[in-house]
J.: 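I have a structure I would like to understand better, so I am pasting it below and will then ask my questions one at a time.
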Amino acid sequence: QVQLVESGGGLVQPGGSLRLSCIVRGLSLDLYDIGWFRQAPGKEREGVSCILNNEDGTYYTDSVKGRFTISRDDARNMMYLQMINLKPEDTGVYYCAAVPPYSAAYCRSDEFAFWGQGTQVTVSS
């Protein structure tokens, strides 16, 4: 059974930092494109950052460019999202996701096959 589990969320003040982690079970992550998504209350799920399995392509939504960094450790079946200078509008449930390669052309949620359950990130003073 494929399982993705996020961790690292929490409550931080504006300007703070968090690193989200995702451990993947049931598949070999080096064979997959990966992504991080978030969903705020009342909003659609948004692609935050995606990276191809061979790291030839990356994507960041405009609102996080320069602040968030996606990375992967395929040997450990782990993926990460380093977030700095967090803003209140970054608040939401963050999900990690994976899909076989060549699928994540636009970092859209409908491109991804496997999902974690999410971890809450709250940015508030």
Side-chain angles (χ1 to χ4, degrees):
Q1 184 87 342
V2 174
Q3 185 179 31
L4 285 70
V5 181
E6 305 93 341
S7 63
L11 174 64
V12 297
Q13 293 185 335
S17 300
L18 286 173
R19 188 177 77 157
L20 305 183
S21 300
C22 177
I23 186 167
V24 182
R25 308 292 192 192
L27 58 81
S28 183
L29 195 61
D30 63 343
L31 302 178
Y32 289 80
D33 296 341
I34 60 169
W36 286 96
F37 297 78
R38 68 187 179 190
Q39 188 166 21
K43 294 186 177 181
E44 296 182 350
R45 189 170 297 185
E46 173 190 26
V48 175
S49 182
C50 293
I51 187 169
L52 303 180
N53 74 318
N54 61 6
E55 301 188 9
D56 283 348
T58 60
Y59 165 86
Y60 294 93
T61 193
D62 286 345
S63 64
V64 310
K65 288 179 179 177
R67 300 189 297 118
F68 290 14
T69 303
I70 190 171
S71 61
R72 58 194 298 161
D73 185 345
D74 292 340
R76 296 180 181 272
N77 265 31
M78 296 286 294
M79 52 189 293
Y80 306 94
L81 185 68
Q82 180 69 53
M83 306 183 293
I84 65 171
N85 193 24
L86 283 160
K87 303 176 180 180
E89 52 263 42
D90 295 318
T91 294
V93 178
Y94 282 68
Y95 301 86
C96 58
V99 68
Y102 312 119
S103 299
Y106 300 101
C107 201
R108 296 173 178 167
S109 61
D110 60 4
E111 298 172 332
F112 282 78
F114 304 109
W115 292 86
Q117 294 299 305
T119 185
Q120 177 71 43
V121 172
T122 302
V123 185
S124 177
S125 60

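Here the structure is a predicted model, which is why all the values come from computation and not from measurement. Residue numbers run from 1 in the order of the sequence given. When reading the values below, keep in mind they use all heavy atoms of this one structure, side chains included, and skip hydrogens, waters and symmetry mates.
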J.: What residues, two or more places apart in sequence or in another chain, satisfy ring-ring contact (aromatic ring centres under 6.0 Å, His included) together with Phe112?
T.: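 Residues passing ring-ring contact (aromatic ring centres under 6.0 Å, His included) with Phe112: Phe37.
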
J.: Can you see which heavy atom on Leu4 is nearest to which on Ala98, and at what distance?
T.: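 Shortest heavy-atom separation between Leu4 and Ala98 comes out as CD2-N, 4.1 Å.
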
J.: Considering residues at least two apart in sequence or located in another chain, which fulfil the side chain to side chain contact (heavy atoms under 4.5 Å, CB included) criterion with Ser124?
T.: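 Here the qualifying residues are Leu11, Thr122.
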
J.: If you group Ile, Leu, Val, Met, Phe, Trp and Tyr by side-chain heavy-atom gaps below 4.5 Å, do Met83 and Val64 land in one group?
T.: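 Shared cluster, yes.
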
J.: Any non-hydrogen side-chain atom of Gln39 less than 4.5 Å from a side-chain atom of Ser109?
T.: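 The answer is no; the side chains never approach within 4.5 Å.
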
J.: Starting from Val5 and following side-chain heavy-atom contacts under 4.5 Å between hydrophobic residues (I, L, V, M, F, W, Y), which residues can be reached?
T.: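 Answer for Val5: Ile23, Met78, Tyr80.
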
J.: Is there a continuous path of hydrophobic side-chain contacts, each under 4.5 Å between heavy atoms, that joins Tyr32 to Ile70?
T.: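 Yes, it is one cluster - the side chains of Tyr32 and Ile70 are joined through contacts under 4.5 Å.
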
J.: Taking salt bridge (charged side-chain N to carboxylate O under 4.0 Å, His left out) as the cut-off, I'd like each qualifying pair that reaches into residues 97-122, sequence neighbours left out, listed once.
T.: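 Qualifying pairs, neighbours excluded: none.
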
J.: Tell me, which pairs form a ring-ring contact (aromatic ring centres under 6.0 Å, His included) where one or both residues lie in residues 47-69, sequence neighbours left out?
T.: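 Output for this query is empty, none listed.
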
J.: Drop me the distance from Leu81's CG to Tyr94's OH, to the nearest 0.5 angstrom.
T.: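 Output value for this atom pair is 7.5 Å.
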
J.: Run through the side-chain heavy atoms of Ile, Leu, Val, Met, Phe, Trp and Tyr, join any pair under 4.5 Å, and report what else lands in Tyr106's cluster.
T.: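 Tyr106 shares its hydrophobic cluster with no other residue.
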
J.: Keeping Asp33 on the side-chain end and Asn53 on the backbone end, is there a donor-acceptor pair under 3.5 Å?
T.: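 Yes; judged by distance alone, with no hydrogens or angles, the pair exists.
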
J.: Determine which pairs satisfy side-chain hydrogen bond (donor to acceptor under 3.5 Å, both in side chains) with at least one residue from residues 6-29, sequence neighbours left out, and list them in order.
T.: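 Residue pairs with at least one partner in residues 6-29: Ser28-Asp30.
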
J.: Taking salt bridge (charged side-chain N to carboxylate O under 4.0 Å, His left out) as the cut-off, I'd like each qualifying pair that reaches into residues 116-125, sequence neighbours left out, listed once.
T.: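 Every pair satisfying salt bridge (charged side-chain N to carboxylate O under 4.0 Å, His left out) with a residue in residues 116-125: there are none.
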
J.: Out of curiosity, does Leu20 fall in the hydrophobic cluster containing Phe114 (side-chain heavy atoms, cut-off under 4.5 Å, transitive links)?
T.: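 Yes; Leu20 is reachable from Phe114 via cluster members.
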
J.: Hey, could you give me each pair passing salt bridge (charged side-chain N to carboxylate O under 4.0 Å, His left out) that has a residue in residues 76-95? Not counting sequence neighbours.
T.: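 Checked against salt bridge (charged side-chain N to carboxylate O under 4.0 Å, His left out) - neighbours excluded - the pairs reaching residues 76-95 are Arg38-Asp90, Arg67-Asp90, Asp73-Arg76.
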
J.: Might you point out which heavy atoms bring Gly66 and Ile84 nearest each other, and give the distance in Å?
T.: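 Scanning both residues, the minimum pair turns out to be O-CD1, 4.3 Å.
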
J.: Checking Lys65 now: which residues fulfil salt bridge (charged side-chain N to carboxylate O under 4.0 Å, His left out) with it, not counting sequence neighbours?
T.: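 Only Asp62 meet the salt bridge (charged side-chain N to carboxylate O under 4.0 Å, His left out) criterion with Lys65.
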
J.: Using every non-hydrogen atom in the two residues, find where Arg72 and Ile51 come nearest and quote the distance to one decimal.
T.: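 Taking Arg72 first and Ile51 second, the nearest heavy atoms are NH1-O, 3.6 Å.
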
J.: Report yes or no: do Val48 and Leu86 belong to one cluster of Ile/Leu/Val/Met/Phe/Trp/Tyr joined by side chain heavy-atom distances under 4.5 Å?
T.: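 Yes, Val48 and Leu86 fall within the same hydrophobic cluster.
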
J.: Of all heavy-atom pairs between Leu31 and Pro101, which one has the smallest distance, and what is that distance?
T.: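 Heavy atoms only, the tightest pair is O-CD, 2.7 Å.
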
J.: Please report the interatomic distance CD(Gln1) to CG(Leu27), rounded to the nearest 0.5 Å.
T.: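 Going from the CD atom of Gln1 to the CG atom of Leu27 covers 11.0 Å.
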
J.: Looking only at non-hydrogen atoms, find the nearest pair between Gly8 and Thr119 and report the distance.
T.: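 Shortest heavy-atom separation between Gly8 and Thr119 comes out as N-OG1, 4.3 Å.
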
J.: Name all residues meeting the salt bridge (charged side-chain N to carboxylate O under 4.0 Å, His left out) criterion together with Arg45; count only those two or more places apart in sequence or in a different chain, and write none if there are none.
T.: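 Arg45: no salt bridge (charged side-chain N to carboxylate O under 4.0 Å, His left out) contacts found.
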
J.: Taking the side chain as everything from C-beta on, heavy atoms only, tell me whether Val24 gets closer than 4.5 Å to Ile34.
T.: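 Result no, sub-4.5 Å side-chain heavy-atom pair not found.
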
J.: Does any pair with a residue in residues 54-122 pass disulfide (SG to SG under 2.5 Å), and if so which ones, sequence neighbours excluded?
T.: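 Those involving residues 54-122 are Cys22-Cys96, Cys50-Cys107.
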
